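Naming convention: chains lettered A, B, ... in sequence-line order (proteins, then strands); numbering from 1 in each chain. When reading the values below, keep in mind they use all heavy atoms of this one structure, side chains included, and skip hydrogens, waters and symmetry mates. Bear in mind the structure is a predicted one, so any value in this text is a computation, not a measurement.
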Amino acid sequence: MYALVDGNNFYVSCERVFQPALNGVPVVVLSNNDGCAIARSNEAKALGIAMGAPWFQIKHLEASAGLVALSANFGFYGDMSDRMMRLAAALGPRQEIYSIDESFIDLAGVRGDLVERAHTIRSRILQGTGIPCGIGMGRTKTLAKLANHIAKTAERKPGSYPEALAQVCNLEALQAAEQEAVFAATPVGEVWGVGRQIGKRLVAGGIHTVLDLQRMDLATVRRQFSVVLERTVLELQGTPCIELEHMPQAKKEIACTRSFGRAITTLEPLSEAVTEFASRAAEKLRRQHGLANQVLVYIRTSPFRKDDRQYSRSVTVPLRRPSADTAVLVQSALRGLGSIFVEGFRYAKAGVMLLDLQSNRLQQGELDLEDDRMEDRSRLMLAMDTLNQRFGKGKVHLASAGLQGNHKQWTMRQERRTPGYTTSWADIPIARA
DNA sequence: TCTGGGGTCCTAGGACCC
DNA sequence: TCTGGGGTCCTAGGACCC
């Protein structure tokens, strides 16, 4: 048995903790560049705002419907997430932190009334962090996800499901007929692993609900779709195929990519951006004690600007030896950039990815005379990381990232940023009696 | 004017080998 | 008259997730 604990409208809920005036108001949190809505309050959903809706298309709701939009404050959300995860962990013996607002809990060996226990944990999270969440439980991770969706929908849209399933839903506690009714009332696209494309194909084939999918013939699913969807059907039928990942796995690739605040046409600001992206990626790589064997860099124009001539290219630069050295990674990325940059386009986005990662504990011994120099380099990297951690991101960086004070042409827009309530001493809220 | 960022897994097809 | 079969590795692209 598994549970899935999931914060409701997570980023919006975080903001509401410190701005209670936002309760009951339609609120969205915007992606980087204030580009599109990535979290919506229930009131915003009720206004018909879709996930990922571009801000410029819904901006008029500010005036007409009192919509409030905030720039994403990921540092703050990450801190709230840690607090929530620590409380959620008490639900069972093992926890997998699946995303910033979701964790799976293995319920093996947990005794007593699971629904009651889940309600207790839910209250503790609400009291301890101010974040409301939904808890779903089932025999497999896919069923737990589904139960979570049912719990949240039952709360948000009374009448959609039995009232008793609101906030906490344990599918195992339902009678067979009740479970069938609930599955028959849930569109197939809500299943974990069924996205837009597969959902469309399923519906075209007459599979409309979770119940339809659960009853599909496995061989047919495999033949017409893939082993991946077959696994999903097995999980819906109660056969576990996806294990709980108790320990966080080392990343297999690390990316840092950004859209620019406005279009870039020349090489110099692109070089600055690529330097910074490679530096950020290198920091992440060192944090997981990894080394990269290849660096990929890409640049592209905006596919949304139909009138612009389009260009999109990437190149992979192999490294002479595995490395986590910012200077090595930046140089490789810049060399790659030089090979794909073409004048005459309006660039909207660039990115650096570190690929073919390995652990630095497995480093191949090398017969060369540079060992001392390499030692010095890794001490330099450690010093840089420590300084940046202590005094703030990017305080120490390579000169090609652009000197501070220079106004960077490519930085993103963030016009509605809220304070770092729990992550910055200067921003700590003050309580008044 | 204006549309995010960071991941994983699977598959098909080509290159290459014996 | 008339040119095999099978395996592995790599890459690009597509689908999914939050």
Could you give the [atom1]-to-[atom2] distance, from [X] to [N], as a whole number of Å?
{"X": "A:L296", "N": "B:dG5", "atom1": "CG", "atom2": "C1'", "result": "15 Å"}
{"X": "A:L357", "N": "B:dT8", "atom1": "CG", "atom2": "C1'", "result": "13 Å"}
{"X": "A:Q57", "N": "B:dC2", "atom1": "CD", "atom2": "P", "result": "13 Å"}
{"X": "A:Y77", "N": "B:dG4", "atom1": "OH", "atom2": "P", "result": "17 Å"}
{"X": "A:Y298", "N": "B:dG7", "atom1": "OH", "atom2": "P", "result": "12 Å"}
{"X": "A:L30", "N": "B:dT3", "atom1": "CG", "atom2": "C1'", "result": "11 Å"}
{"X": "A:F74", "N": "B:dG6", "atom1": "CZ", "atom2": "C1'", "result": "10 Å"}
{"X": "A:M51", "N": "B:dG4", "atom1": "CE", "atom2": "C1'", "result": "10 Å"}

Is [X] salt-bridged to [Y], cutoff N-O under 4.0 Å?
{"X": "A:R416", "Y": "A:E62", "value": "yes"}
{"X": "A:E43", "Y": "A:R16", "value": "yes"}
{"X": "A:E283", "Y": "A:R286", "value": "no"}
{"X": "A:R231", "Y": "A:E235", "value": "no"}
{"X": "A:E180", "Y": "A:R215", "value": "yes"}
{"X": "A:K145", "Y": "A:E102", "value": "yes"}

**Asked** For B:dC10, does either OP1 or OP2 sit under 4.0 Å from a side-chain N or O belonging to A:R231?
**Response** yes
**Message:** Below the 4.0 Å mark, does B:dG5 have OP1 or OP2 next to a side-chain nitrogen or oxygen of A:K349?
**Reply:** yes
**Request:** Could you check which residues of residues 242-260 of chain A get a heavy atom under 4.0 Å from DNA chain B? Sort them by number, please.
**Result:** A:K251, A:K252, A:E253, A:I254, A:A255, A:C256, A:T257, A:R258, A:S259
side-chain hydrogen bond (donor to acceptor under 3.5 Å, both in side chains) partners of [X], counting only residues at least two apart:
{"X": "A:Q179", "result": "none"}
{"X": "A:Q294", "result": "A:D356"}
{"X": "A:R201", "result": "none"}

**Asked** Hey, which of these two, A:F304 or A:V228, hits DNA chain B nearer its 5' end, going by closest nucleotide?
**Response** A:F304
**Request:** Return the nearest nucleotide to the side chain of A:K145; candidates are C:dC18, B:dG4, B:dG6.
**Result:** C:dC18
**Message:** Could you spell out the base pairing of DNA chain B as a dot-bracket line? Use Watson-Crick and G-U wobble contacts where both distances are under 3.5 Å, [ ] for crossing pairs, | for partners on a different strand.
**Reply:** ....||||||||||||||
**Request:** State which residue, out of A:Y421, A:F18, A:Y11, fulfils the ring-ring contact (aromatic ring centres under 6.0 Å, His included) condition with A:Y77.
**Result:** A:Y11
**Message:** Regarding A:N33, tell me which of base, sugar-phosphate or nothing describes its non-hydrogen contacts under 4.0 Å with the strands shown.
**Reply:** nothing
**Prompt:** At under 4.0 Å between heavy atoms, what does A:D101 touch on the DNA or RNA strands: base, sugar-phosphate, or nothing?
**Reply:** sugar-phosphate
**Asked** With no hydrogens and no angle check, is any side-chain donor or acceptor of A:K349 less than 3.5 Å from a backbone partner on A:F260?
**Response**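 Not at all, since once roles are kept as given, no pair shorter than 3.5 Å links the two residues.
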**Request:** Sugar-phosphate atoms are those with a prime plus P, OP1 and OP2; base atoms are the rest. Using that split, label each nucleotide of nucleotides 11-16 of chain C B, S or - for protein heavy atoms under 4.0 Å, 5' to 3'.
**Result:** ----SS
**Request:** From the options A:R94, A:K141, A:R139, select the one residue that forms a salt bridge (charged side-chain N to carboxylate O under 4.0 Å, His left out) with A:D106.
**Result:**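 Considering A:R94, A:K141, A:R139, a salt bridge (charged side-chain N to carboxylate O under 4.0 Å, His left out) with A:D106 is found only for A:R94.
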